Participant: 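Next up is a structure, given as structure tokens.
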Amino acid sequence: KEEPSYGAAGDVAAAPRSVHARSLEHGSTSSSQTTLTAPSVGSHKSSMQKSGATERSPLVARARQRALQGAASGQMAIAAVGAVAVGERAKDERQERKHPARDDSVFTCAGHRRECFSCACSDDGKLLASGSEDGTARVWDATTGDLVRVLEGHGKRTGFQQRGGFGALVSAVAFSPDGASLATGCRDNLVRVFDLGTGKIQLQLKGHGAYVSSVEFNVDGGRLVSGSYDETAVVWNAVTGKKRMALLDKKSGHRKTNDIVHYVHHASYDRRGDRVVCASRDGLARIWDGHWDGGGGSTGRLLLTLKGHEAAVLCAKFFVDGRRVVTASQDKSARTWDAKTGDQLAVLLGHTHHITAVACLADGRLVTGAKDYTIRVWEDKWKVHNYDHRVLEGHADRVMAVALAQNDGLLVSASFDRTLKCWDPDPADELFVDRRYAAASAAEAEGLLSAQGSVSLAVSQQGSALEAVAEDGEESWLD
């Protein structure tokens, strides 16, 4: 008999049902089918021992009782017992993942009541934001990890999503360049812009016909682009909320083919704001002319199609210099491309599950997050499109988003473990910088060391010792 398979997040794939099982479900009594006899109590007990069912669960006990009583459908009842046992093992594995063996993060922001889907960091590195399935967006202090504000009002859930009393899932968040506003994308098909000073909704942008998957401001904050599962990306006036253009090529851009809807998973501006790159379920990324002259004259032309991934593209970003693009895909790879010619430059391999997010540092390094619970920092040291990487661990479930503060180098990630984590993208080999401790203790350490010049601080991985390094290179360790 077939063993059920496990996904990376502990999900159990349903085993194929037998022909006889399907016929019993539909009430078929065809005489051509083989009659299944109930097993004896002894043989059933042996089967139960082999199935690995645990005694500690009342669900297993009830399933065993049903198996003993169900003479006509004995084998189906045994299959139910096995399914419960498999579910128990999966539950145990999820419990173990709640406590990862290693945590490389600087600190954690916890408070969401459901899975986190998105995160953002203000350009000055002072604020973090997160979006969650609990129907809220939250703003956090990037130095201490303290909660600053909860943003609500994201509509109502529909259908099965009503369970739990939460609002509609917040799938995307983005700070305005001045840090005064936060845009959110939601599963109720709307984009909202919040005033962070008051926590109230400034703008509510209507125009998408399906789930909004991403939001992002351009570099001057005058425009906003959103991606959606309605197969389009839309450029909005971020001041008035007016829809300026929809990026959609009727012949080839994000259209349904072979009954597959080509969701736009992500849409992102380059730093100049003239181009938009979109990641799509059809395995392609597209670069569009997103120019808008302020008077309604826009082109929305398709400039390039980036083809090479073997599965859906989940995220796409321009490098800071605008010369290259990086994409992340369900095929477990990230790829870099020439943003002018569309040529593929490099393939980044190492993740063991879907890569869900990517971000670009100003120095050309890349950061990826994936459903294998890890974050990886990639560097092309010799500038030959050959990337080395290191792994950051600490999340207890799939990583759904990563973001960077361009002015600070702070790295933040959002995960299904309901947390945000902050990381230092430049840790020493054996040390990581603790921003909170450094902010509180720099003056004290400088006085203790009586050293001239600047002092840098780092905390050991165990958190038991503090290293202070003076400008002249002298090192001192403090308890």
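Note that this is a predicted model, so its numbers are computed, not measured.
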Participant: Nearest 0.5 Å, please: how far is CG in Leu151 from CD1 in Ile201?
Facilitator: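 Atom-to-atom, Ile201:CD1 and Leu151:CG are 9.0 Å apart.
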Participant: What closest approach, in Å, do Ala183 and Leu224 show between heavy atoms, and which atom pair accounts for it?
Facilitator: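 The pair with the smallest heavy-atom distance is CB-CD1, 4.1 Å.
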Participant: Is a salt bridge present between Asp270 and Arg275, judged by a nitrogen-to-oxygen distance below 4.0 Å?
Facilitator: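 Yes, Asp270 and Arg275 are salt-bridged.
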Participant: In terms of side-chain geometry, is the basic nitrogen of Glu152 or Arg138 positioned less than 4.0 Å from the acidic oxygen of its partner?
Facilitator: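 Answer for the salt bridge query: no.
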Participant: Between Ser329 (side chain only) and His309 (backbone N and O only), is there a donor and an acceptor less than 3.5 Å apart?
Facilitator: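 Looks like no, no N/O pair under 3.5 Å.
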Participant: Do His266 and Ser213 have side-chain atoms, one donor and one acceptor, less than 3.5 Å apart?
Facilitator: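 The answer is no; no qualifying pair exists.
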Participant: Under a 3.5 Å cutoff, is there a donor and acceptor pairing between the side chains of Arg376 and His389?
Facilitator: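 Note: Arg376 and His389 side chains meet the donor-acceptor criterion.
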Participant: Between Ser413 and Lys421, is there a side-chain donor-acceptor contact under 3.5 Å, judged purely by atom types and distance?
Facilitator: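 Side chains of Lys421 and Ser413: no pair found under 3.5 Å.
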Participant: Are side-chain heavy atoms of Tyr269 and Val219 found at a separation under 4.5 Å?
Facilitator: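 Answer no - side chains too far apart.
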Participant: Check the orientation of Trp378 and His351. Use parallel for under 30°, tilted for 30 to 60°, and perpendicular for over 60°.
Facilitator: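 Rings of Trp378 and His351: tilted, 30 to 60°.
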Participant: Just do the side-chain contact (heavy atoms from CB on, under 4.5 Å) check on Arg365 and Val377 with the steps written out, would you?
Facilitator: CA-CA 7 Å; Arg365 286 178 298 158; Val377 181; 4.2 Å; yes
Participant: Has Arg149 got a side-chain atom pairing as donor or acceptor with Gly197's backbone, closer than 3.5 angstrom?
Facilitator: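 Yes; judged by distance alone, with no hydrogens or angles, the pair exists.
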Participant: Tell me if a side-chain donor or acceptor on Ser280 pairs with a main-chain N or O of Ala285 at a distance below 3.5 Å.
Facilitator: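 Side chain of Ser280 to backbone of Ala285, a donor-acceptor pair under 3.5 Å: no, none is there.
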Participant: Starting at OG of Ser105, measure out to CG of Leu392 and round the result to the nearest 0.5 Å.
Facilitator: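 It comes to 9.0 Å.
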Participant: Are any of the side-chain heavy atoms of Cys278 and Trp288 separated by less than 4.5 Å?
Facilitator: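 The answer is yes, as the side chains (C-beta and beyond) meet within the 4.5 Å cut-off.
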Participant: For Phe175, what residues pass the ring pair (Phe, Tyr, Trp, His ring centres under 6.0 Å) criterion, not counting sequence neighbours?
Facilitator: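 Ring pair (Phe, Tyr, Trp, His ring centres under 6.0 Å) list for Phe175, sorted by chain: empty.
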Participant: Any sub-3.5 Å donor-acceptor pair from Arg418's side-chain atoms to Arg113's backbone N or O?
Facilitator: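 Pair found, side chain donor or acceptor close to backbone of Arg113.
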Participant: So do Trp423 and Val412 actually touch side chain to side chain, heavy atoms under 4.5 Å?
Facilitator: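 No, their side chains stay 4.5 Å or more apart.
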Participant: Flag the pair Arg102 / Asp104 as yes when at least one side-chain heavy-atom distance between them is below 4.5 Å, and no otherwise.
Facilitator: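 Arg102 vs Asp104: side chains touch.
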Participant: Under 4.0 Å between a side-chain nitrogen and a carboxylate oxygen: does that hold for Asp338 and Lys340?
Facilitator: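 Not counted as a salt bridge, because no side-chain N and carboxylate O are separated by less than 4.0 Å.
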Participant: Name the orientation class of the two ring planes belonging to Tyr229 and His265 (parallel below 30°, tilted from 30 to 60°, perpendicular beyond 60°).
Facilitator: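 Rings of Tyr229 and His265: perpendicular, as their planes differ by over 60°.
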Participant: Measuring from Lys371:NZ to Met400:CE, what's the distance to the nearest 0.5 Å?
Facilitator: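 Lys371 NZ to Met400 CE: 5.5 Å, rounded to 0.5 Å.
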Participant: Is Arg398 salt-bridged to Asp372, going by a charged N under 4.0 Å from an acidic O?
Facilitator: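 No, Arg398 and Asp372 are not salt-bridged.
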Participant: Are Val326 and Arg324 side-chain neighbours, meaning at least one heavy-atom pair lies under 4.5 Å?
Facilitator: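 Of all side-chain heavy-atom pairs linking Arg324 with Val326, none is under 4.5 Å.
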Participant: We want to know whether Gln202 and Ser181 form a side-chain donor-acceptor pair, criterion being a heavy-atom distance below 3.5 angstrom.
Facilitator: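 Side chains of Gln202 and Ser181: pair found under 3.5 Å.
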Participant: Between Phe416 and Phe117, does the ring centre distance come in under 6.0 Å?
Facilitator: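 Yes.
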Participant: Where is the tightest heavy-atom contact between Ala267 and Ser214, given as atom of each residue plus distance?
Facilitator: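 Where Ala267 meets Ser214 most closely, the heavy atoms are N-OG, 3.0 Å.
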Participant: Would Lys317 and Glu216 count as a salt bridge (charged side-chain N to carboxylate O under 4.0 Å, His left out) if you check the C-alpha gap in whole Å, the side-chain angles of each, and the deciding distance to 0.1 Å?
Facilitator: CA-CA 11 Å; Lys317 289 273 190 177; Glu216 186 174 306; 3.1 Å; yes
Participant: Which distance, rounded to the nearest 0.5 Å, do you find between the SG of Cys422 and the CG of Leu411?
Facilitator: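 The CG atom of Leu411 is 8.0 Å from SG of Cys422, to the nearest 0.5 Å.
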Participant: So, Arg114 and Asp134, do they make that salt bridge, N to O below 4.0 Å?
Facilitator: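 A salt bridge is absent here (no side-chain N lies under 4.0 Å from a carboxylate O).
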Participant: Side chains of Arg286 and Leu304: does their closest heavy-atom pair fall under 4.5 Å?
Facilitator: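 They are not in contact (no side-chain heavy atoms under 4.5 Å apart), so the answer is no.
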Participant: Tell me, do Leu190 and His208 make a side-chain contact under 4.5 Å, heavy atoms counted?
Facilitator: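 The answer is no, as the side chains (C-beta and beyond) never meet within the 4.5 Å cut-off.
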Participant: Val276 and Leu247: side-chain contact (heavy atoms from CB on, under 4.5 Å), yes or no, with the steps?
Facilitator: CA-CA 9 Å; Val276 175; Leu247 304 179; 3.8 Å; yes
Participant: Using a 4.5 Å cut-off on heavy atoms from C-beta on, say whether the side chain of Arg192 contacts that of Cys186.
Facilitator: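 The answer is yes; the side chains approach within 4.5 Å.
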Participant: Are Thr184 and His154 linked by a side-chain donor-acceptor pair shorter than 3.5 Å?
Facilitator: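 Yes.
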